[in-house]
Amino acid sequence: MTEYSKEEIKRIEDKWQSYWREKQVFKTENNTSKPKYYVLDMFPYPSGAGLHVGHPLGYIATDIVARFKRVKGFNVLHPMGYDAFGLPAEQYALEHGVHPAISTAKNIDTFRNQLDRIGFSFDWSREVRTCDPSYYKWTQWIFLKLFDSWFNRVTQKAEPISALIANFEKEGNAKYAVPNSKFEIQNFSAAEWKNFDEKKQREILMQYRLAYLAYTDVNWCEALGTVLANDEVINGVSYRGGYPVVKRQMRQWSLRITEYAERLLKGLDEIDFSESMKEIQRNWIGRSEGALIHFSLTPNPSPKERGASETIQDHVFTADKRSWEELKEHARENRKAPTEAEDTLWQEIRNGKLGHKFRRQHAIAQFIVDFVCIEKKLVVEVDGPIHEFQKREDAEREQIIAHEGFRTIRFSNNEVLNNTKGVLNKIKIELSSPSPMERGPGGEVITVFTTRPDTIFGVDFMVLAPEHPLVKKITSPTQQADIDKYLAYVESRSEVDRMSEVKKVTGCFTGAYAINPFNNREVPIWISEYVLAGYGTGAIMGVPCGDERDHRFAKHFDINITNIIGEHYNGEEANPTYEATLTNSDFLNGTKMKDAIGKVIAKLEEMGIGERQVNYKMRDAGWSRQRYWGEPFPVVFRDDVPYAMAESDLPLELPDTNEFKPSGNGEGPLANLTDWINIGPGEKRDSNTMPTHAGAAWYFLRYMDPHNDSEFASRKALDYWNQVDVYVGGSEHAVAHLLYARLWIKVLHDLGYLNFDEPFKKLINQGKITGDSRFVYRVRGTNKFVSAGLKDKYDTDPLHVDVNIVNGFELDIDAFKTWKPDFANAEFILEDGKYLCGSAIEKMSKSYFNVINPDKIIESYGADTLRMYEMFLGPLEQSKPWNTSGIDGVYKFLRRFWNLFHDQQGKLDLSDDQPSDQELKVLHKTLKKIEQDIDNFSFNTSVSEFMICANELTSLKCKKRSVLEPLVIALSPFAPHLCEEIWEELGHKESVSFASYPKVEEKYLVESSFEYPISINGKVRAKMNFALDMPREDVQKLVLASEVVQKWTEGKAPKKVIIVPGKIVNVVL
RNA sequence: GCCUGAGUGGCGGAAUUGGUAGACGCGCACGACUCAAAAUCGUGUGUCGCAAGACGUGCCGGUUCGAUUCCGGCCUCAGGUACCA
């Protein structure tokens, strides 16, 4: 033994790392009598840049917890693996011609080497890689479970699709409305179901499946002939080459996560995530309560003016020919078997009894309605109890029917049977009000969702999303050119661009007007990029006095602003208050806004032009990627209809190829492998692959039983390990990975594979270690780069550049040219003969090319120092810049700790003397604080506490085994190599991992007196020592009598004396 | 823009429930050891001020005997914003 030197550290760390490996010290068994503890890190994407100093931050924290829980007597599961599919490997393959499987395996080796050098206690026998066929076999298997399931809204859980089919065969879809309200068939009977051919049946089932095919947007780059990830698009142009990128629709897989919105929301109440994390997820799910309101359009401009050929009266076709053909048989069937309520009502309204002709079971759009008066454009629906569970579908159905110009009023079976008179009265009132036909041309109706129905009289304009289907229909010929121009502009804009544009207000008038149903006011209809098609109904009512964006819009386009909140609106800026008393609001005048919300909704429902609505902002998850390096979809298309592959045929392995170029037509590289894609006549595979979220959505289950080849994990293992007790990772995964993982676990739970339905009991968000990035500036549309100081003279897009080819701020131009093939022919605009880069402090990430590697630190200080230094940097949950300047202090501490045990020659030098009270106090204070800090994930303060402890024991010259030995166990989770070595020197034969954490004895910590700060008016002026059990009166007397206090009171009696035992004395003058 | 988080000495940060602001470490200064340097050890170190003292936790305001901590309004930076992972 010698001193704690660089050479000695290396020897110790190598020795124990091989000891742990050879003796399999951290191999975890599934069968044990000990309580279990599952501590998990978010697994890394093995990038080519290797491990950077940000990665270990979380891993060190979990390793401390894992090692601590072991010495506390738990059976600890602490695994690690790799999120090994992903875009960067494929980009690397395109640029360097290396197969992603090869570069990924190489990167994993590098990662593993780096991880091993830090001394983690992972059970490597449980490692998983998402790109391994024996792993993704089960990812595909779970995908098939999603494909083969639907969400039963009555039971609020996923069920096998076979249960749904059984139901369809018995009673059609009466009980289970189509989740996709835009689907062409919304209602069918058992007989019809049986009559549909297989293709039709499958098409219908697709509308229910949890994994389903639909047309969704992608970033299409025509010049590159490929779909781009959002990351590859900068300011609407491609990262590679700077070509224009537009939105394009493609048929892709989606997961119906929206069905789980409510359960994902409610589940948050049961799990220990930070409030901010829960808030992020709540906001992402975005539940809002409000109302749908239907606005009719004015006859100005009339349909003729808009170029329509039919007159209003000619417009008697209520469904297109195709729908009509499909629906008329069904309608006839229904007429033969009316419900009791339907029949009752029919007898009262048939033969023009109410003065207008009604038809029953009539096709409108793609639906069959119960009753309709075509002349007055009025639909009457009589609902059975099932409608309680399909409010959303009914609302959407009404909306579609409303697009055809029809109003809907609804009655329940009960109302019709028990209050027939009242029902008839309501119908009469509806018939006497002008029909939408009379109110507007062609019956076009705009439906908006608003959380503020109380502001209905403040509506000064309407705004549609540019993608809204009505835009085509209602644009007047005079506005057409402007609208087309605006649409072209919007197509080039990303969603973030559209939402974040605040200075520039953009929009375009359609030429059409809507009518406010409450006061018949005509308001202009605009389109603007700030309204997104995917949110709500894709249309809003503009209330400038109450909404800031609406206000800016109105000011910019000079739209008159109606004030409905009196003095709360100052004419300068909108006021979104709920507190105002309404003015200019007809029947609401004098009503508080809060109270008006309910009143308006009631009125809307009464008038049949709107209803209460719960809306979710969350959308279904796009699950297809036009990429090679991901899980292939385990389906076969026969005649374009997808069929699940047999479980026994899984995994569907990714075919080997050396061609990763996109197909050029929008499909992924797999489309080029025609032998693989085309199975036989009319049989094809999917050319897309799954996103990386797929493999990450369930990997924590696989760790429980990683080598099982007959199940994704055995039920016994799943039941034993259960939820992850603590999960550590970055908050950047808040809404993607964490929501998808929660979804998959809920589905597996619903289908009976798990007995828990939340994967992570507790989540800690580790802060990022920030890096210092560098940028180059590409002149838009060129391959020319301009130095940072001159960039404002050009229209540029900033691109990250590898910090390793920048010296300070100066770019190494030659290195840059060879860095990526795209830049080989780059030209440069220099300043003072140099190319200077821009900079920014942001998260350390391979995609920002700003990563710093931990190997150098280990080389000069050792892993124990690195581990403790990363913890010492600051709170785990906060982000902090990487800076090694303080690392010496941690190293010195470890040396000091080592020296406590050793003499000058490096020989173990301890005595068996009885410890003093003072020494015992130091020991137990430390033990207690460390335990508390680990429980609170406050590792920086525990490192400080160890330093204080070592300083105190050094100054006490303590060399006593009974004091120092327990500290080795306490420190071992933090500095395992050093502690193993000392532990062995102390004569132990087993790893310190098998020791028990010493018991904290409170009796050594009891204090009898306290040094009180004596403050005057809240400012500390003196300190006085009193026994903790001294009566208040005595304390007060002594304090007031003291010289310092006398000086301040100048003999006057104080107003008040506050004494908080054990804390403070405050004298108020 | 929206959602979330952060802001305390020259630097990383501490202050557990509203009770001594700056623990611990780095850096810096001075001293000891040394021919000298490094290493090590010791002392000091928020700002202003000779001092008494005043000021001080991003900014402005409030509640309180007392606010880094609670409330209201702002500013700056970071993460996410649905195909980076």
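Order of the sequence lines sets the chain letters (A, B, ...), proteins ahead of strands, with each chain counted from 1. Keep in mind that the numbers below use all heavy atoms, side chains included, and drop hydrogens, waters and symmetry copies.
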Can the ring centroids of Trp744(A) and Phe700(A) be said to lie less than 6.0 angstrom from one another? no

Spacing of the C1' atoms in G9(B) and G5(B) (rounded, Å): 24 Å

Send over the distance from Lys278(A) NZ to U4(B) P, rounded to a whole Å. 15 Å

Give one of base, sugar-phosphate or nothing for Leu87(A), where a contact means two heavy atoms less than 4.0 Å apart. sugar-phosphate

Residues that Lys820(A) engages under side-chain contact (heavy atoms from CB on, under 4.5 Å), provided they are two or more places apart: Glu95(A), Tyr239(A), Phe823(A), Phe849(A)

Does C83(B) have OP1 or OP2 under 4.0 Å away from a side-chain N or O of Arg625(A)? yes

Rounded P spacing from U57(B) to C50(B) in Å: 24 Å

Could you tell me whether Lys892(A) contacts a base, only the sugar-phosphate backbone, or nothing, with contacts defined as non-hydrogen atoms closer than 4.0 Å? sugar-phosphate

Does atom CD of Gln904(A) have more than 12 heavy-atom neighbours, drawn from other residues, nucleotides or ligands, at distances under 6.0 Å? no

If we take the C1' atom in both U64(B) and A78(B), what is their distance in whole Å? 34 Å

Base, sugar-phosphate, or nothing for Gln626(A), non-hydrogen atoms under 4.0 angstrom? base

If only side-chain N and O atoms of Arg1021(A) are considered, is one of them under 4.0 Å from the OP1 or OP2 phosphate oxygen of G53(B)? no

Given the 90°-from-0 boundary between syn and anti, G73(B) should be labelled anti

Separation of the P atoms in G53(B) and U17(B), to the nearest angstrom: 34 Å

Just to be sure I understand the rule, does Pro875(A) reach a base, reach only the sugar-phosphate, or reach nothing, if contact means heavy atoms closer than 4.0 Å? sugar-phosphate

Take atom P in U63(B) and the same atom in U76(B), then report the distance between them in whole Å. 28 Å

Provide a list of protein-nucleic acid N or O atom pairs under 3.5 angstrom, restricted to nucleotides 6-9 of chain B.
none

So, does Thr692(A) get its side chain near the phosphate of A85(B), meaning an N or O under 4.0 Å from OP1 or OP2? yes

Tell me whether the OP1 or OP2 atom of G53(B) has a side-chain N or O from Lys1047(A) closer than 4.0 Å. yes

Taking the same atom, C1', in C33(B) and in A54(B), what whole-Å distance lies between them? 42 Å

Categorize Gln252(A) for me: base, sugar-phosphate, or nothing, with a 4.0 angstrom heavy-atom threshold over every strand shown. base

Identify whether any heavy atom of Ser624(A) sits under 4.0 Å from a base atom; if not, whether one sits that close to sugar-phosphate; answer base, sugar-phosphate or nothing. base

With ring centroids as reference points, do His902(A) and Tyr4(A) lie under 6.0 angstrom apart? no

Is any N or O donor-acceptor pair between the side chain of Lys1063(A) and the base of U20(B) shorter than 3.5 Å? no

Going by the angle between their ring planes, with limits at 30° and 60°, are Phe111(A) and His55(A) parallel, tilted or perpendicular? perpendicular

Rounding to an integer number of angstrom, what distance separates A85(B) and C2(B) when you compare their P atoms? 28 Å

Classify Tyr45(A) by what it touches in the nucleic acid, base, sugar-phosphate, or nothing, heavy-atom distance under 4.0 Å. sugar-phosphate

Reckon Gln932(A) touches a base, only the sugar-phosphate, or nothing at all at heavy-atom distances under 4.0 Å? base

If you measure from the C1' atom in U20(B) to the same atom in A38(B), how many Å do you get, rounded? 40 Å

Could you tell me whether Glu732(A) contacts a base, only the sugar-phosphate backbone, or nothing, with contacts defined as non-hydrogen atoms closer than 4.0 Å? base

For Val1060(A), which contact category applies under a 4.0 Å heavy-atom criterion: base, sugar-phosphate, or nothing? base

Ile769(A) atom CD1 is separated from A78(B) atom C1', nearest whole Å, by 15 Å

Atom pair distance, as rounded to whole Å: NE2 in His733(A) and C1' in C3(B): 18 Å

Would you classify Asn1066(A) as touching base, sugar-phosphate or nothing, given that sugar-phosphate means primed atoms plus P, OP1 and OP2, and contacts are heavy atoms under 4.0 Å? base

Are the aromatic ring centres of Phe553(A) and Tyr530(A) under 6.0 angstrom apart? yes

Spacing between Asp231(A) atom CG and U81(B) atom C1', to the nearest angstrom: 13 Å

With sugar-phosphate meaning primed atoms plus P, OP1 and OP2, does Asn951(A) contact a base, only sugar-phosphate, or nothing at under 4.0 Å between heavy atoms? sugar-phosphate

For a quick check of understanding: with a heavy-atom distance under 4.0 Å over all strands, which category does Val233(A) fall into, base, sugar-phosphate or nothing? nothing

In whole angstroms, how far is the P atom of C83(B) from the NZ atom of Lys247(A)? 11 Å

How does RNA chain B look in dot-bracket notation if pairs are Watson-Crick or G-U with both distances under 3.5 Å, crossing ones as [ ], other-strand ones as |? (((((((..(((......[....)))((((((.......))))))(((....)))..(((((..]....))))))))))))....

Sugar-phosphate, base or nothing in reach of Met42(A), heavy atoms under 4.0 Å: nothing

Are Arg896(A) and C41(B) close enough that a side-chain N or O sits under 4.0 Å from OP1 or OP2? yes

